[in-house]
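Quantities reported herein were computed from a predicted structural model and do not represent experimental measurements. So you know, we letter chains A, B, ... as the sequences are listed, proteins then strands, and number each from 1. For the numbers below, each heavy atom of this structure counts, side chains included, while hydrogens, waters and symmetry mates do not.
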Amino acid sequence: MGEKILMKGNEALAEGAVLAGCRFFSGYPITPQNEVPEYMSWRLPEAGGTFVQAESEVSAINMIYGAAATGIRTMTSSSSPGISLKQEGISYCAGADLPIFFANVVRGGPGLGNIAASQGDYYQSVKGGGHGDYHTIVLAPNSVDEMGNFPKKCYELAEKYRMPAMILADGILGQMMEPVEFKFTPVDPSTLKKPDWSLGNAAGRKKRIVRSYDLREGELEKMNWARAKKFQEIEDREVQFEEKNIQDARLVLVAYGTSSRIAAAAMKMARDKGLKVGLFRPITLWPFPKKQLAKLAQRVENFLVVEMSQGQFVDDVRLAVNGTAQVDLYARPAGIPSGEEVFAVVEKLYRSIKPTLTAKKAEKTKPAQKAKTPKKARPTKKPKPVKKAKAINKKTVKIKTAKKSTKKGGRR
Amino acid sequence: MELVNKKPSSLVDIKMHYCPGCGHGIVHRLIAEVMDELGIRERTVGVAPVGCAVFSDDYFNCDMIQGPHGRGPAIATGIKRSQPGCIVFSYQGDGDLASIGMAETVHSAARSENITIIFINNAIYGMTGGQMAPTTLVGQTATTCPKGRDPKVNGYPIKVCELLSQLEGARYLERTAVSSAQGVIKTKKAIKKAFQNQVEGKGFSLVEILSMCPTNWGMTSLQGAKFVDEKMMPLYPLGVFRSTEQEGGQK
Ligand SMILES: Cc1ncc(C[n+]2csc(CCOP(=O)(O)OP(=O)(O)O)c2C)c(N)n1
Ligand code: SF4
């Protein structure tokens, strides 16, 4: 803890899960997430856990279903087509109220698509994904640091609510190298309480059943209503997001994951030119920060959604804004926008915002605004040195020098 | 008076839903007797399939998990690998194991997962109402081959034990039948060996059991048993297909 290590996003994800207490991983190779199973194949046995390379994603998720039913922390990861295959099992886990954790390092689709970074799996991730009435908790990191720190959050949320939780990343986050600081004490799985539904070792107690069906008249509907209530609770309590420069903003960029970093670059360009532009980044995509966006829409004129998909994410932003502000879209389905490109759109939109509208909104929100008290100067934090060669063990050294696998062709 | 033959404690004392003359109930009892005899009930986890035996999660008096269609061996793998002290069995029909779950079956055998699979071959899809199974006999009628299975259209039946016997990881494969009293006794022996192997860490064991589905075969109970003996056995010969005494399955 407290040390910065230079890692690839996928490796940070794997290490983060191990440090958070994961002791079972099964997966099937698919680019651009191969470093996850590769890392787990040596790291988990070292930590006293088990790695299984399954014959398919279908099998991998069902191994997770079985292992998670025994009450331990498990993980699987994949990329788009693989996640499609896992959806049957994810739906079963949702139906059986099992806390599972998985990651989707999204690539371009539909179909085989390509291995370039994309955000085209948004709908699939936040609207359920598999069959039936359920949700998955979705966390969207935008740095290698978050890739490493989010698995623990996923386990905690999944276990608190007994449901699947996932990390939605993309090829860029998976492949790039950045410093990561694991900001938690490593979890010793033996200190975790065995849940009262877990299977195995039934000595002295009644049998337990893990299943996702209930054929009794009306019972399934009751169960689904109970889940709906739980989902509402999560929407009320567990939303996470980040805001930048929104106090005086007239235009707010809305983006998650990699897109949010590009949007941040565009925001900086705009601020440098004196344009009042802010950034809103959902960290939880489900639960979606609906209320927070709706509130923001009370005083902001224009939102610009930046997403690496055709316009999936924008739907949720529009639902939240609900017509109280203009919502525009800059979409790059399976393309990576540059900060300059986004800035050009921002600038054009910004110039078109009608001053009358701004005045009206300002009027409306005036009484709510508190007088600003000058902030005390904060002591400047010393930046922590980035340790390049800090080894978790001997293997880590190899990882650092490992060639980038963003190369075209070959590994698909 | 002493009760000499009581219900095994590994079976919950409730009424089963199976049709008269069906083999599922017989095999359930055999598994439960074996669990009792080996004293493993409290550490056993069973995987119930999709198919007529889906409710076996209610019937066995041990921890149970019900899995997606065909995925039993993968689920069993996950349980066994994370809880090596548990005894894990997967209970599957022919549609479940030999059709949708063929990959899971083959690969769990190839990895020699230290699990036990009980495979009920009744040559038809029972629960969904009598459609053709991968094990349906040539000429046998089913709702999706009403004129009888024609290899030119429907391909040939799959012999699971023969197929798996090619795999080094498959440590014990035996085919039995529950169409006669003698067959039931032999089946119990095979089931016991398949569980015993797991207790001893020997690796993948599977017992294929020829069983009756009089309902979907359109027969009486007696005709069903006769069908197994006369029609199924020639295609699916009984016997041990593989039995290696060596250790070394996945622990
Ligand atoms: C993914 C999926 N496909 C299809 C089904 C429908 N289904 C339920 S049981 C069954 C066949 C079961 O046949 P078998 O495994 O032979 O068992 P039996 O009912 O004969 O005991 C099918 C196809 C399902 N539940 N899930
Ligand atoms: S339909 Fe066939 S397999 Fe299913 S319970 Fe009835 S007899 Fe048994």
Going by residue number, which parts of residues 203-211 of chain A are within reach of chain B, meaning a heavy-atom gap below 4.5 Å?
-> A:Ala203, A:Gly204, A:Arg205, A:Lys206, A:Lys207, A:Arg208, A:Ile209, A:Val210, A:Arg211
Which of residues 124-139 of chain A get closer than 4.5 angstrom to chain B, counting heavy atoms alone?
-> none
Over all atoms of both residues, closest heavy-atom pair of B:Asp63 and A:Ala202 = OD1-CB, 4.0 Å
Of all the heavy-atom pairs spanning A:Gly66 and B:Ile65, show the shortest one and how long it is.
-> CA-CD1, 4.3 Å
Heavy-atom distances under 4.5 Å only: say whether [X] touches chain A with side chain, backbone, both or neither.
{"X": "B:Gln83", "result": "side chain"}
{"X": "B:Phe55", "result": "both"}
{"X": "B:Val88", "result": "neither"}

Taking atom [atom1] of [X] and atom [atom2] of [Y], what is their separation to the nearest 0.5 Å?
{"X": "A:Glu55", "Y": "B:Ser108", "atom1": "CD", "atom2": "OG", "answer": "7.5 Å"}
{"X": "A:Thr70", "Y": "B:Ile79", "atom1": "OG1", "atom2": "CD1", "answer": "7.5 Å"}
{"X": "A:Ser212", "Y": "B:Gln66", "atom1": "OG", "atom2": "CD", "answer": "5.5 Å"}
{"X": "B:Glu104", "Y": "A:Asn62", "atom1": "CD", "atom2": "CG", "answer": "7.0 Å"}

In terms of heavy-atom contacts, does [atom1] of [X] have more than 12 from other residues, nucleotides or ligands at under 6.0 Å?
{"X": "A:Trp225", "atom1": "CH2", "value": "no"}
{"X": "B:Glu37", "atom1": "CD", "value": "yes"}
{"X": "A:Tyr28", "atom1": "OH", "value": "no"}

Can you tell if the side chain of B:Ser82 reaches within under 4.5 Å of the side chain of A:Thr74, non-hydrogen atoms only?
-> no
Less than 4.5 Å apart, any side-chain heavy atom of A:Tyr92 and any of B:Ile75?
-> no
Measure distances from A:Ile61 to the heavy atoms of chain B and classify the residue's part below 4.5 Å as side chain, backbone, both or neither.
-> neither
Per-residue contact mode, A:Leu199 against chain B (heavy atom under 4.5 angstrom) | both
Contact leader toward chain A among B:Cys86, B:Ala48, B:Cys62, where contacts are heavy-atom pairs under 4.5 Å = B:Cys62
Between B:Gly78, B:Pro68, B:Ala110, which has the largest tally of heavy atom pairs under 4.5 Å with chain A?
-> B:Pro68
Enumerate, atom names and distances included, each donor-acceptor pair closer than 3.5 Å involving a side-chain atom of residues 16-26 of chain A, sequence neighbours excluded.
from    : atom 1 : to      : atom 2 : distance (Å)
A:Arg23 : NE     : A:Ala47 : O      : 3.1
A:Arg23 : NH1    : A:Val18 : O      : 3.2
A:Ser26 : OG     : A:Ala60 : O      : 2.8

With B:Ser9 via side-chain hydrogen bond (donor to acceptor under 3.5 Å, both in side chains) - residues at least two apart = B:Asp36
